[in-house]
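Below is one structure, written out as C-alpha coordinates; comments come after it.
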Amino acid sequence: MDLKLKIWRQKGPEDKGGFVTYEVKDVHPDQSFLEMLDDLNVRLIHEGEDPIAFDHDCREGICGMCSLVLNGRPHGPWDETTTCQLHMRAYKDGDTITIEPFRAKAFPVVKDLVVDRSAMDRVLQAGGYISVATGNPQDANTIPVSKDDAERAMDASACIGCGACIASCPNASAMLFVAAKVSHLALLPQGQPERMIRVDKMVAQMDAEGFGACTNHTECEAVCPKGISIDFIAMLNREITRSKLSGVS
Amino acid sequence: MKRVVNLYRTSIGKKIIMAISGFVFVAFVIVHMLGNLKIFYPAHEGVYKIDVYGEFLRTVGYPVFARGQVLWIFRITLIGLALFHIWSAIVTWLMSRSARPIKYKVVEPVASTLASRTMRIGGVVIAVFIIFHMLNLTTGDIFPGGQFEHGAVHDNMLANFSVWWVTAFYVIAMLFLGLHLYHGVWSAFQTLGVSNPKYNSWRRGLAWFVAILVTAGNIAIPLAILMGKVH
(Lines give C-alpha, C1' and ligand atoms only; values in the text may rest on other atoms or scores of the structure.)
Protein backbone atom coordinates (compact mmCIF):
# COMPACT_ATOMS: atom_id res chain seq x y z
CA MET A 1 0.00 0.00 0.00
CA ASP A 2 1.02 3.59 -0.52
CA LEU A 3 0.73 6.08 2.32
CA LYS A 4 1.21 9.73 2.99
CA LEU A 5 2.96 10.52 6.27
CA LYS A 6 2.88 13.94 7.91
CA ILE A 7 5.72 13.72 10.36
CA TRP A 8 6.82 16.22 13.02
CA ARG A 9 10.44 17.17 12.36
CA GLN A 10 12.41 19.17 14.90
CA LYS A 11 16.21 19.47 14.78
CA GLY A 12 16.63 19.87 18.53
CA PRO A 13 15.05 21.12 21.75
CA GLU A 14 15.42 24.77 20.72
CA ASP A 15 14.21 24.32 17.13
CA LYS A 16 10.69 25.45 16.35
CA GLY A 17 9.89 22.35 14.33
CA GLY A 18 7.15 21.62 11.83
CA PHE A 19 5.43 18.94 9.78
CA VAL A 20 7.11 17.40 6.75
CA THR A 21 5.12 15.21 4.36
CA TYR A 22 6.62 11.96 3.06
CA GLU A 23 5.13 9.55 0.53
CA VAL A 24 5.92 5.89 1.23
CA LYS A 25 5.25 3.21 -1.39
CA ASP A 26 4.77 -0.56 -1.31
CA VAL A 27 4.28 -0.77 2.45
CA HIS A 28 3.64 -4.38 3.41
CA PRO A 29 0.61 -4.97 5.63
CA ASP A 30 2.62 -7.37 7.80
CA GLN A 31 5.25 -4.77 8.60
CA SER A 32 5.15 -3.19 12.01
CA PHE A 33 4.71 0.56 12.15
CA LEU A 34 8.31 1.04 13.25
CA GLU A 35 9.60 -1.19 10.43
CA MET A 36 7.74 1.03 8.00
CA LEU A 37 9.55 4.02 9.54
CA ASP A 38 12.86 2.10 9.37
CA ASP A 39 12.35 1.65 5.62
CA LEU A 40 11.63 5.35 5.23
CA ASN A 41 14.79 6.16 7.22
CA VAL A 42 16.91 3.88 5.00
CA ARG A 43 15.59 5.79 2.01
CA LEU A 44 16.26 9.16 3.68
CA ILE A 45 19.83 8.12 4.51
CA HIS A 46 20.39 7.04 0.88
CA GLU A 47 19.04 10.40 -0.26
CA GLY A 48 21.47 12.12 2.08
CA GLU A 49 18.79 13.40 4.44
CA ASP A 50 18.68 13.26 8.20
CA PRO A 51 16.74 10.15 9.29
CA ILE A 52 13.66 10.61 11.47
CA ALA A 53 14.45 10.16 15.15
CA PHE A 54 11.94 8.06 17.10
CA ASP A 55 12.14 6.06 20.32
CA HIS A 56 12.12 2.27 20.32
CA ASP A 57 13.81 -0.57 22.12
CA CYS A 58 12.39 -4.05 22.66
CA ARG A 59 9.87 -3.92 19.79
CA GLU A 60 7.80 -6.55 21.50
CA GLY A 61 5.45 -4.29 23.45
CA ILE A 62 6.94 -4.65 26.92
CA CYS A 63 9.63 -2.02 27.42
CA GLY A 64 7.58 1.17 27.14
CA MET A 65 10.13 2.94 25.00
CA CYS A 66 8.18 3.47 21.77
CA SER A 67 5.76 6.35 21.65
CA LEU A 68 4.27 8.43 18.79
CA VAL A 69 0.80 9.93 18.43
CA LEU A 70 -0.75 8.56 15.26
CA ASN A 71 -3.69 10.52 13.86
CA GLY A 72 -4.38 11.98 17.29
CA ARG A 73 -4.11 8.76 19.27
CA PRO A 74 -1.02 7.61 21.22
CA HIS A 75 0.23 4.23 19.99
CA GLY A 76 -2.23 4.32 17.10
CA PRO A 77 -5.66 2.85 16.50
CA TRP A 78 -5.38 -0.62 18.06
CA ASP A 79 -6.51 -1.13 21.65
CA GLU A 80 -3.92 -2.31 24.19
CA THR A 81 -1.16 -2.20 21.59
CA THR A 82 2.10 -0.28 21.59
CA THR A 83 3.31 1.44 18.42
CA CYS A 84 5.92 -1.28 17.86
CA GLN A 85 3.21 -3.94 17.91
CA LEU A 86 0.93 -1.97 15.61
CA HIS A 87 1.03 -3.45 12.15
CA MET A 88 0.44 -1.74 8.86
CA ARG A 89 -2.69 -3.79 8.16
CA ALA A 90 -4.33 -1.27 10.50
CA TYR A 91 -4.18 1.13 7.53
CA LYS A 92 -5.35 0.99 3.95
CA ASP A 93 -3.90 2.19 0.67
CA GLY A 94 -3.97 5.96 0.29
CA ASP A 95 -4.29 6.74 4.01
CA THR A 96 -2.69 9.84 5.45
CA ILE A 97 -1.10 9.37 8.87
CA THR A 98 -0.12 12.36 10.99
CA ILE A 99 2.73 11.40 13.30
CA GLU A 100 3.37 13.65 16.30
CA PRO A 101 5.53 13.31 19.42
CA PHE A 102 3.91 12.86 22.86
CA ARG A 103 2.98 16.42 23.80
CA ALA A 104 3.37 17.74 27.34
CA LYS A 105 5.37 20.45 29.05
CA ALA A 106 6.94 17.69 31.13
CA PHE A 107 7.93 15.86 27.90
CA PRO A 108 10.25 18.27 26.06
CA VAL A 109 11.11 17.22 22.51
CA VAL A 110 14.72 16.06 22.17
CA LYS A 111 14.61 15.59 18.40
CA ASP A 112 11.83 14.91 15.88
CA LEU A 113 9.57 12.37 17.59
CA VAL A 114 11.82 11.67 20.57
CA VAL A 115 10.71 13.24 23.85
CA ASP A 116 12.43 13.29 27.22
CA ARG A 117 10.26 11.31 29.63
CA SER A 118 12.60 11.70 32.63
CA ALA A 119 9.78 13.43 34.53
CA MET A 120 8.20 9.98 34.96
CA ASP A 121 11.49 8.58 36.24
CA ARG A 122 11.69 11.37 38.82
CA VAL A 123 8.17 10.55 40.01
CA LEU A 124 9.29 6.93 40.46
CA GLN A 125 12.49 7.97 42.20
CA ALA A 126 10.42 10.03 44.63
CA GLY A 127 8.72 6.96 46.05
CA GLY A 128 8.08 4.16 43.59
CA TYR A 129 10.22 1.64 45.44
CA ILE A 130 10.38 -0.37 48.65
CA SER A 131 13.28 -0.18 51.06
CA VAL A 132 14.58 -3.55 52.19
CA ALA A 133 17.54 -4.63 54.24
CA THR A 134 19.98 -6.52 52.02
CA GLY A 135 20.58 -10.20 52.50
CA ASN A 136 19.34 -13.47 51.11
CA PRO A 137 15.97 -13.35 49.43
CA GLN A 138 13.11 -14.51 51.57
CA ASP A 139 11.44 -17.81 50.90
CA ALA A 140 8.68 -17.15 48.40
CA ASN A 141 5.76 -18.26 50.53
CA THR A 142 6.70 -16.70 53.86
CA ILE A 143 4.70 -13.54 53.07
CA PRO A 144 1.13 -14.51 52.26
CA VAL A 145 -0.63 -12.39 49.62
CA SER A 146 -4.31 -12.95 48.91
CA LYS A 147 -5.18 -14.05 45.39
CA ASP A 148 -7.33 -10.97 44.88
CA ASP A 149 -4.60 -8.52 45.94
CA ALA A 150 -1.98 -10.37 43.93
CA GLU A 151 -4.12 -10.10 40.79
CA ARG A 152 -4.84 -6.41 41.28
CA ALA A 153 -1.21 -5.62 42.07
CA MET A 154 -0.23 -7.45 38.87
CA ASP A 155 -2.81 -5.47 36.88
CA ALA A 156 -1.32 -2.20 38.20
CA SER A 157 2.27 -3.31 37.75
CA ALA A 158 1.58 -4.08 34.09
CA CYS A 159 2.28 -0.36 33.50
CA ILE A 160 5.33 -0.09 31.25
CA GLY A 161 5.71 3.64 31.88
CA CYS A 162 5.40 4.64 28.24
CA GLY A 163 3.53 7.88 28.96
CA ALA A 164 0.65 7.31 26.53
CA CYS A 165 -1.78 8.16 29.35
CA ILE A 166 -0.18 11.59 29.67
CA ALA A 167 0.03 12.06 25.91
CA SER A 168 -3.65 11.24 25.45
CA CYS A 169 -4.97 13.26 28.40
CA PRO A 170 -6.57 16.56 27.37
CA ASN A 171 -5.07 17.92 30.60
CA ALA A 172 -1.67 16.21 30.14
CA SER A 173 -2.23 14.69 33.58
CA ALA A 174 -0.04 11.85 34.84
CA MET A 175 -2.65 10.39 37.18
CA LEU A 176 -2.97 6.95 35.57
CA PHE A 177 0.79 6.40 35.57
CA VAL A 178 1.21 7.55 39.18
CA ALA A 179 -1.91 5.63 40.22
CA ALA A 180 -0.58 2.39 38.75
CA LYS A 181 2.78 2.79 40.46
CA VAL A 182 1.29 3.78 43.84
CA SER A 183 -1.37 1.05 43.74
CA HIS A 184 0.80 -1.91 42.87
CA LEU A 185 2.99 -1.34 45.92
CA ALA A 186 0.09 -0.32 48.19
CA LEU A 187 -1.64 -3.63 47.45
CA LEU A 188 1.28 -5.81 48.51
CA PRO A 189 2.65 -6.49 52.02
CA GLN A 190 6.13 -5.31 51.00
CA GLY A 191 4.73 -1.90 50.19
CA GLN A 192 3.05 -1.29 53.53
CA PRO A 193 5.83 0.30 55.65
CA GLU A 194 6.27 3.24 53.25
CA ARG A 195 2.71 3.28 51.97
CA MET A 196 1.71 6.70 53.37
CA ILE A 197 4.95 8.52 52.68
CA ARG A 198 5.25 6.99 49.19
CA VAL A 199 1.98 8.36 47.85
CA ASP A 200 2.72 11.72 49.40
CA LYS A 201 6.13 12.04 47.76
CA MET A 202 4.98 10.73 44.38
CA VAL A 203 1.98 13.05 44.18
CA ALA A 204 4.17 16.01 45.22
CA GLN A 205 6.66 15.13 42.48
CA MET A 206 3.86 14.67 39.95
CA ASP A 207 2.55 18.16 40.71
CA ALA A 208 6.07 19.62 40.67
CA GLU A 209 6.81 18.20 37.20
CA GLY A 210 4.15 20.37 35.63
CA PHE A 211 1.62 17.71 34.67
CA GLY A 212 -2.00 18.83 34.42
CA ALA A 213 -4.89 17.99 36.72
CA CYS A 214 -7.14 15.02 35.97
CA THR A 215 -10.75 15.74 35.02
CA ASN A 216 -11.73 12.10 34.50
CA HIS A 217 -12.01 12.17 30.72
CA THR A 218 -10.81 8.51 30.86
CA GLU A 219 -8.82 8.91 27.64
CA CYS A 220 -5.79 7.44 29.46
CA GLU A 221 -7.51 4.14 30.15
CA ALA A 222 -8.69 3.91 26.54
CA VAL A 223 -5.22 4.32 25.02
CA CYS A 224 -3.15 2.49 27.67
CA PRO A 225 -1.30 -0.30 25.85
CA LYS A 226 -1.55 -2.39 29.01
CA GLY A 227 -5.22 -1.65 29.72
CA ILE A 228 -4.60 -0.14 33.17
CA SER A 229 -7.96 0.70 34.72
CA ILE A 230 -8.91 4.12 36.06
CA ASP A 231 -10.06 2.25 39.17
CA PHE A 232 -6.43 2.70 40.18
CA ILE A 233 -6.86 6.48 39.94
CA ALA A 234 -9.70 6.16 42.43
CA MET A 235 -7.35 4.14 44.61
CA LEU A 236 -4.66 6.82 44.31
CA ASN A 237 -7.23 9.39 45.41
CA ARG A 238 -8.01 7.26 48.47
CA GLU A 239 -4.34 6.73 49.22
CA ILE A 240 -3.38 10.43 49.13
CA THR A 241 -6.44 11.38 51.19
CA ARG A 242 -5.55 8.81 53.84
CA SER A 243 -1.90 9.89 53.83
CA LYS A 244 -2.64 13.60 54.20
CA LEU A 245 -5.46 13.23 56.75
CA SER A 246 -3.44 10.82 58.89
CA GLY A 247 -0.88 13.57 59.29
CA VAL A 248 2.04 11.34 58.27
CA SER A 249 3.14 13.87 55.71
CA MET B 1 -7.37 21.50 59.80
CA LYS B 2 -3.70 21.67 58.85
CA ARG B 3 -4.05 18.17 57.40
CA VAL B 4 -7.00 19.22 55.26
CA VAL B 5 -5.02 22.23 54.03
CA ASN B 6 -2.10 19.93 53.20
CA LEU B 7 -4.44 17.73 51.18
CA TYR B 8 -5.90 20.78 49.44
CA ARG B 9 -2.40 21.86 48.38
CA THR B 10 -2.13 18.84 46.07
CA SER B 11 -3.87 18.75 42.70
CA ILE B 12 -5.93 15.80 43.94
CA GLY B 13 -7.00 17.67 47.08
CA LYS B 14 -8.49 20.45 44.98
CA LYS B 15 -10.49 17.90 43.05
CA ILE B 16 -11.72 16.35 46.30
CA ILE B 17 -12.99 19.76 47.40
CA MET B 18 -14.71 20.11 44.02
CA ALA B 19 -16.27 16.68 44.40
CA ILE B 20 -17.57 17.24 47.94
CA SER B 21 -18.96 20.70 47.18
CA GLY B 22 -20.36 19.24 43.96
CA PHE B 23 -22.38 16.65 45.88
CA VAL B 24 -23.82 19.40 48.08
CA PHE B 25 -24.85 21.26 44.91
CA VAL B 26 -26.40 18.08 43.49
CA ALA B 27 -28.54 17.73 46.62
CA PHE B 28 -29.41 21.43 46.39
CA VAL B 29 -30.42 21.44 42.73
CA ILE B 30 -32.62 18.36 43.22
CA VAL B 31 -34.43 19.89 46.23
CA HIS B 32 -34.61 23.29 44.51
CA MET B 33 -36.12 21.73 41.40
CA LEU B 34 -38.65 19.67 43.36
CA GLY B 35 -39.69 22.75 45.35
CA ASN B 36 -40.15 24.80 42.19
CA LEU B 37 -42.40 22.15 40.66
CA LYS B 38 -45.04 23.42 43.13
CA ILE B 39 -45.69 26.11 40.51
CA PHE B 40 -47.80 23.48 38.69
CA TYR B 41 -50.30 23.25 41.59
CA PRO B 42 -53.40 25.35 40.90
CA ALA B 43 -54.39 27.99 43.46
CA HIS B 44 -56.36 26.72 46.44
CA GLU B 45 -58.76 29.35 47.83
CA GLY B 46 -56.68 32.08 46.23
CA VAL B 47 -53.41 30.87 47.73
CA TYR B 48 -50.62 29.40 45.60
CA LYS B 49 -48.73 26.42 46.99
CA ILE B 50 -45.42 27.81 45.79
CA ASP B 51 -46.02 31.04 47.71
CA VAL B 52 -46.70 28.99 50.84
CA TYR B 53 -43.48 27.09 50.15
CA GLY B 54 -41.56 30.35 49.73
CA GLU B 55 -42.91 31.56 53.05
CA PHE B 56 -41.97 28.22 54.64
CA LEU B 57 -38.35 28.68 53.53
CA ARG B 58 -38.28 31.99 55.37
CA THR B 59 -39.96 30.79 58.56
CA VAL B 60 -38.41 27.34 58.86
CA GLY B 61 -36.67 26.76 62.16
CA TYR B 62 -38.89 29.22 64.05
CA PRO B 63 -38.78 29.89 67.01
CA VAL B 64 -35.19 28.68 67.35
CA PHE B 65 -34.19 30.79 64.36
CA ALA B 66 -35.58 34.19 63.48
CA ARG B 67 -37.38 34.73 60.18
CA GLY B 68 -35.08 34.13 57.22
CA GLN B 69 -32.10 33.00 59.29
CA VAL B 70 -32.11 29.38 58.15
CA LEU B 71 -32.49 30.53 54.56
CA TRP B 72 -29.47 32.80 54.94
CA ILE B 73 -27.42 30.02 56.53
CA PHE B 74 -28.14 27.92 53.46
CA ARG B 75 -27.36 30.77 51.10
CA ILE B 76 -24.04 31.64 52.74
CA THR B 77 -23.01 27.97 52.87
CA LEU B 78 -23.85 27.43 49.22
CA ILE B 79 -22.13 30.60 48.04
CA GLY B 80 -19.05 29.76 50.12
CA LEU B 81 -18.90 26.25 48.68
CA ALA B 82 -19.40 27.67 45.18
CA LEU B 83 -16.39 29.96 45.65
CA PHE B 84 -14.26 26.97 46.76
CA HIS B 85 -15.58 24.93 43.83
CA ILE B 86 -14.79 27.67 41.31
CA TRP B 87 -11.41 28.52 42.82
CA SER B 88 -10.31 24.88 42.72
CA ALA B 89 -11.53 24.60 39.14
CA ILE B 90 -9.58 27.69 38.09
CA VAL B 91 -6.35 26.55 39.75
CA THR B 92 -6.48 23.06 38.25
CA TRP B 93 -7.50 24.49 34.86
CA LEU B 94 -4.42 26.74 34.89
CA MET B 95 -2.28 23.70 35.76
CA SER B 96 -3.70 21.76 32.84
CA ARG B 97 -3.49 24.69 30.45
CA SER B 98 0.21 25.14 31.05
CA ALA B 99 0.84 21.37 30.99
CA ARG B 100 0.61 21.20 27.19
CA PRO B 101 2.05 24.37 25.65
CA ILE B 102 2.20 22.90 22.12
CA LYS B 103 -1.13 21.43 21.05
CA TYR B 104 -1.63 18.39 18.85
CA LYS B 105 -2.45 18.97 15.21
CA VAL B 106 -4.80 15.99 15.19
CA VAL B 107 -6.86 14.94 18.21
CA GLU B 108 -9.01 11.84 18.20
CA PRO B 109 -11.16 11.63 21.34
CA VAL B 110 -11.50 7.96 22.25
CA ALA B 111 -13.30 7.90 25.58
CA SER B 112 -14.03 11.49 26.60
CA THR B 113 -17.60 12.72 26.23
CA LEU B 114 -19.27 15.97 25.24
CA ALA B 115 -20.06 16.37 28.94
CA SER B 116 -16.48 15.85 30.09
CA ARG B 117 -15.15 18.25 27.47
CA THR B 118 -17.62 21.02 28.34
CA MET B 119 -17.06 21.01 32.11
CA ARG B 120 -15.12 24.27 32.14
CA ILE B 121 -17.18 26.28 29.67
CA GLY B 122 -20.32 24.81 31.24
CA GLY B 123 -19.09 25.91 34.65
CA VAL B 124 -18.69 29.47 33.38
CA VAL B 125 -22.20 29.41 31.88
CA ILE B 126 -23.64 28.11 35.15
CA ALA B 127 -21.77 30.74 37.19
CA VAL B 128 -23.13 33.52 34.96
CA PHE B 129 -26.57 31.95 35.20
CA ILE B 130 -26.48 31.79 39.00
CA ILE B 131 -25.62 35.49 39.26
CA PHE B 132 -28.37 36.38 36.79
CA HIS B 133 -30.83 34.05 38.52
CA MET B 134 -30.22 35.66 41.93
CA LEU B 135 -30.58 39.18 40.55
CA ASN B 136 -33.61 38.04 38.58
CA LEU B 137 -35.75 36.02 40.99
CA THR B 138 -34.15 36.49 44.42
CA THR B 139 -33.59 40.23 44.56
CA GLY B 140 -35.61 41.26 41.50
CA ASP B 141 -32.99 43.79 40.38
CA ILE B 142 -33.07 42.44 36.82
CA PHE B 143 -36.69 41.73 36.04
CA PRO B 144 -37.64 42.23 32.40
CA GLY B 145 -41.12 40.76 33.01
CA GLY B 146 -42.54 43.83 34.77
CA GLN B 147 -42.76 44.67 38.45
CA PHE B 148 -41.06 42.29 40.91
CA GLU B 149 -42.86 41.78 44.18
CA HIS B 150 -41.05 40.12 47.10
CA GLY B 151 -42.87 37.02 48.35
CA ALA B 152 -45.21 36.73 45.38
CA VAL B 153 -43.32 33.75 43.96
CA HIS B 154 -46.07 32.57 41.63
CA ASP B 155 -46.78 35.96 40.07
CA ASN B 156 -43.08 36.75 39.71
CA MET B 157 -42.36 33.46 37.93
CA LEU B 158 -45.27 33.87 35.53
CA ALA B 159 -44.29 37.43 34.65
CA ASN B 160 -40.60 36.52 34.35
CA PHE B 161 -40.91 33.50 32.07
CA SER B 162 -43.43 35.16 29.79
CA VAL B 163 -40.40 36.98 28.37
CA TRP B 164 -39.12 34.64 25.68
CA TRP B 165 -35.43 35.44 25.95
CA VAL B 166 -35.40 34.99 29.71
CA THR B 167 -36.92 31.55 29.24
CA ALA B 168 -34.43 30.80 26.45
CA PHE B 169 -31.50 31.74 28.67
CA TYR B 170 -32.82 29.58 31.51
CA VAL B 171 -33.30 26.61 29.18
CA ILE B 172 -29.80 26.93 27.68
CA ALA B 173 -28.25 27.27 31.13
CA MET B 174 -30.13 24.17 32.31
CA LEU B 175 -28.84 22.14 29.34
CA PHE B 176 -25.31 23.09 30.36
CA LEU B 177 -26.19 22.21 33.96
CA GLY B 178 -27.35 18.80 32.75
CA LEU B 179 -24.05 18.14 30.99
CA HIS B 180 -22.13 19.42 34.02
CA LEU B 181 -24.14 17.15 36.33
CA TYR B 182 -23.76 14.11 34.09
CA HIS B 183 -19.98 14.26 34.09
CA GLY B 184 -19.78 15.79 37.57
CA VAL B 185 -21.76 13.13 39.43
CA TRP B 186 -19.85 10.29 37.81
CA SER B 187 -16.54 12.08 38.16
CA ALA B 188 -17.04 13.06 41.80
CA PHE B 189 -17.40 9.42 42.82
CA GLN B 190 -14.16 8.66 40.99
CA THR B 191 -12.38 11.56 42.69
CA LEU B 192 -13.58 10.48 46.11
CA GLY B 193 -12.21 7.03 45.42
CA VAL B 194 -15.58 5.33 44.98
CA SER B 195 -14.78 3.19 41.98
CA ASN B 196 -15.18 -0.52 41.68
CA PRO B 197 -16.05 -2.74 38.71
CA LYS B 198 -18.89 -4.16 40.81
CA TYR B 199 -20.88 -0.94 40.87
CA ASN B 200 -19.34 1.35 38.24
CA SER B 201 -22.26 0.86 35.84
CA TRP B 202 -24.54 1.96 38.67
CA ARG B 203 -22.52 5.19 38.91
CA ARG B 204 -23.15 5.92 35.22
CA GLY B 205 -26.83 5.23 35.72
CA LEU B 206 -27.04 7.55 38.69
CA ALA B 207 -25.28 10.31 36.73
CA TRP B 208 -27.80 9.94 33.89
CA PHE B 209 -30.70 9.93 36.34
CA VAL B 210 -29.61 13.06 38.22
CA ALA B 211 -28.76 14.96 35.02
CA ILE B 212 -32.05 14.16 33.28
CA LEU B 213 -34.18 14.62 36.39
CA VAL B 214 -32.80 18.07 37.21
CA THR B 215 -32.63 19.30 33.61
CA ALA B 216 -36.10 18.09 32.65
CA GLY B 217 -37.70 19.40 35.83
CA ASN B 218 -36.06 22.80 35.59
CA ILE B 219 -36.72 23.25 31.87
CA ALA B 220 -40.36 22.25 32.23
CA ILE B 221 -41.12 25.23 34.47
CA PRO B 222 -40.13 28.20 32.26
CA LEU B 223 -41.27 26.42 29.08
CA ALA B 224 -44.71 25.61 30.50
CA ILE B 225 -45.11 29.21 31.67
CA LEU B 226 -44.03 30.61 28.29
CA MET B 227 -46.51 28.33 26.54
CA GLY B 228 -49.27 29.54 28.87
CA LYS B 229 -49.82 26.18 30.55
CA VAL B 230 -49.43 27.55 34.09
CA HIS B 231 -52.13 29.73 35.63
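The model shown is predicted, which means the values in this text are computed figures rather than measured ones. Convention: sequence-line order gives letters A, B, ...; per-chain numbering from 1.
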Tell me whether [X] at atom [atom1] has more than 12 heavy atoms from other residues, nucleotides or ligands lying less than 6.0 Å away.
X        : atom1 : result
B/Tyr199 : OH    : yes
B/Phe40  : CZ    : yes
A/Phe19  : CZ    : yes
B/Leu34  : CG    : yes
B/Lys103 : NZ    : yes
B/Trp208 : CH2   : no

To the closest 0.5 Å, what do you measure between [atom1] ([X]) and [atom2] ([Y])?
X        : Y        : atom1 : atom2 : result
A/Trp8   : B/Tyr104 : CH2   : OH    : 12.0 Å
A/Met206 : B/Ile12  : CE    : CD1   : 4.5 Å
B/Arg100 : A/Ile166 : CZ    : CD1   : 9.5 Å

Next item on the list: Check each of A/Asn171, A/Asp207, A/Ile240 against B/Ser11 using the side chain to side chain contact (heavy atoms under 4.5 Å, CB included) test, and report the only one that passes.
Entry: A/Asp207

Mind checking whether [X] and [Y] have side chains closer than 4.5 Å, heavy atoms only?
X        : Y        : answer
A/Asn237 : B/Leu192 : no
B/Val106 : A/Arg73  : no
B/Arg117 : A/His217 : yes
A/Thr218 : B/Trp186 : yes
B/Arg9   : A/Lys244 : no
B/Lys15  : A/Asn216 : yes

Next item on the list: Output yes when a side-chain donor or acceptor of B/Gln190 lies under 3.5 Å from a complementary backbone atom of A/Ile230, and no otherwise.
Entry: yes

What residue, out of [options], has the most heavy-atom pairs lying under 4.5 Å from chain B?
options                              : answer
A/Glu209, A/Lys105, A/Arg103         : A/Arg103
A/Ala204, A/Ser229, A/Cys169         : A/Cys169
A/Leu70, A/Leu236, A/Val69, A/Val109 : A/Val69

Item checked: Heavy-atom proximity to chain B below 4.5 Å, by part of A/Cys220 -> neither

Notebook entry, point to check: What part of A/Pro77 is in contact with chain B, defined as an atom under 4.5 angstrom from a non-hydrogen atom: side chain, backbone, both or neither?
Noted result: neither

Proximity breakdown for [X] and chain A, heavy-atom pairs closer than 4.5 Å:
X       : result
B/Ile16 : side chain
B/Arg97 : neither
B/Lys14 : neither

Next item on the list: Heavy atoms only, distances under 4.5 angstrom: which of B/Val91, B/Leu94, B/Thr10 has the most pairs with chain A? Name it, please.
Entry: B/Thr10

Notebook entry, point to check: So which of B/Gly13, B/Pro197, B/Ala115 has the largest heavy-atom pair count under 4.5 angstrom toward chain A?
Noted result: B/Pro197

Check: Side chains of B/Asn200 and A/Asp231: is there a donor and an acceptor less than 3.5 Å apart?
Finding: yes

Considering all heavy atoms, the nearest [X]-[Y] contact:
X        : Y        : value
B/Glu108 : A/Glu219 : O-OE1, 4.3 Å
A/Ala213 : B/Thr92  : CB-CB, 3.6 Å
A/Ala234 : B/Ser195 : CB-CB, 3.3 Å
A/Ala222 : B/Ala111 : CB-CB, 3.8 Å

Item checked: Trace of the side chain to side chain contact (heavy atoms under 4.5 Å, CB included) decision for A/Glu100 with B/Lys105 -> CA-CA 8 Å; A/Glu100 297 175 79; B/Lys105 188 171 183 228; 3.6 Å; yes

